Amino acid sequence: MAAWSDGYHTDIQYTAKSYAELAPGFLAFACLRQGVRPPDFGPGSTYLELGCGQGFGLNILAAANPAASFWGVDFHPAQIDNAIRQARAGGLSNVIFEDLSFEQLLALPDGHLPRFDVITLHGVYSWVSAENRAIIVRILDKLLKPGGMVYVSYNCMPGWAGLAPLQNLIAEHAARTSGSPQTRVVAALQAARQMAEAKAGYFEQIPFLKERIEEALRESPAYLVHEYLNQSSQPLFHAEVVRAFDDARLSYAASAGLADDLVHLAAPAAMQKQILETHDRTWRETLLDYASAKSFRRDIFVRGRNALTPFERDALMDGWSFALVTPPADVVTEFPVPIGRMTGHPAVY
């Protein structure tokens with residue numbers, strides 16, 4: 001592992017994927033569902049992705065929003081090189097990629113970058129050191145516009161309470177074997193599966209672990225290296241993130257997950273009244289996390305939380321259009337929700 005990596009695996013590049021939650025329209029719709037005014041992401045708008053990886057998703061967003069400007073920052077030079085080549089091959093002139101650490105980004109002189117309407121971090125915040133998390137908050141404070149929006153995803157508690165010992169087991173096993181990081185992480189997961197099959201007490205106490213191991217073994221080994229072998233990985237409570245982001249004058253606005261809005265899909269019936277009656281947003285989200293044993297959050301924060309009246313929200317909703325992006329033959333009407341799965345009525349769809 002290179003010295004400049006600060007405990008993060010840089011010898012294996014991160015997988016190239018796009019995530020719907022990073023689209024500005026997706027984030028704005030999530031805010032509207034909660035009655036919070038999102039930024040108007042129109043011509044001239046600006047968007048920054050921190051830890052953009054291969055830049056695949058950001059290049060797609062730039063192609064889909066030609067009147068807006070996009071920036072991507074990542075400290076891995078090979079990934080930034082790939083992102084730049086993708087942008088050039090796609091003929092994109094509205095996206096810029098920078099090979100910078102978070103510390104280097106924060107140190108840039110004023111005016112080197114604009115202030116942004118949207119800043120996103122996917123799969124970054126709970127995988128870096130506490131020092132880098134503090135720097136990220138300072139970047140958000142410096143670069144986000146008033147009324148701007150931040151998306152941050154992270155491994156969270158309490159759902160990770162049962163998984164943290166598994167992550168430690170994988171890392172310790174991998175540290176004691178030879179071969180590439182991909183080979184070592186797969187071998188460690190296979191060893192964990194053998195322990196589960198041998199009915200080791202830890203796995204017997206937490207029955208879902210074997211399923212999680214099987215799911216992990218179906219993932220790309222490159223993804224597994226970043227998920228399980230980074231030295232600074234630390235699951236966080238939602239309240240911790242809220243307190244940290246308060247230093248950048250950010251307020252929690254919404255979850256990017258539609259089902260998270262609907263308490264009857266996110267909590268057992270016996271808890272729903274308690275959750276619906278609380279007026280403390282952080283406590284409400286905490287109760288929901290415990291209700292569903294949530295292990296991964298997709299949070300949206302805003303700088304300046306402006307509540308919409310029902311009339312204002314309906315007026316903004318009336319201006320939205322929706323399109324199917326999946327071939328009709330591939331549409332399924334069963335959906336994961338925080339406390340299980342929901343089956344929609346096929347005739348409606």
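Not measured: the values here are computed from a predicted model.
- Checking Q167 against S233 by side-chain atom types alone, a donor-acceptor pair falls below 3.5 Å.
- With values rounded to the nearest 0.5 angstrom, W71 atom CH2 is found 5.0 Å from I96 atom CD1.
- Taking the six-membered ring for Trp and thresholds of 30 and 60 degrees, F301 and F245 have ring planes inclined between 30 and 60 degrees apart.
- Other residues sharing the hydrophobic cluster of M317, ordered by chain and number and joined by side-chain separations under 4.5 Å: F29, L32, L308, L316, W320, F322.
- Using a 4.0 Å cut-off between a side-chain N of Lys or Arg and a carboxylate O of Asp or Glu, D260 and R297 do not qualify as a salt bridge.
- Aromatic ring pairs are classed by plane angle as parallel below 30°, tilted from 30° to 60° and perpendicular above 60°; the pair Y47 and F70 is tilted.
- A salt bridge is defined here as a Lys NZ or Arg NE, NH1 or NH2 lying under 4.0 Å from an Asp or Glu carboxylate O, and R281 with E285 fails to meet this definition.
- Under the 3.5 Å distance criterion, with hydrogens and angles disregarded, a donor-acceptor pair is assigned to the side chains of Y154 and D299.
- Heavy atoms from other residues, nucleotides or ligands lying under 6.0 Å from CD of Q104 number more than 12.
- Between C52 and F97 there is a side-chain heavy-atom pair separated by less than 4.5 Å.
- For R284 and D280, the salt-bridge test fails: no basic side-chain N is under 4.0 Å from an acidic carboxylate O.
- Between R138 and D247 there is no salt bridge, since none of the side-chain N atoms of the basic residue sits less than 4.0 Å from a carboxylate O of the acidic one.
- With N94 contributing its side chain and A68 its backbone, the two residues share a donor-acceptor pair below 3.5 Å.
- Annotation: side chain of N132 is not in contact with side chain of Y125 (no heavy-atom distance under 4.5 Å).
- Side chains of I300 and V36 form no contact here, defined as non-hydrogen atoms less than 4.5 Å apart.
- Counting heavy-atom neighbours within 6.0 Å of D40 CG, excluding the residue itself, gives a total of 12 or less.
- Every residue was checked against the side-chain hydrogen bond (donor to acceptor under 3.5 Å, both in side chains) condition with Y228, not counting sequence neighbours, and none meets it.
- Atoms CD1 and CG, on I170 and L224 in that order, are 9.0 Å from each other to the nearest 0.5 Å.
- Between the CD1 atom of I119 and the CD1 atom of I139 there is a distance of 8.5 Å, given to the nearest 0.5 Å.
- Taking CZ of F116 as the reference point, atom NZ of K142 lies at 11.0 Å (rounded to 0.5 Å).
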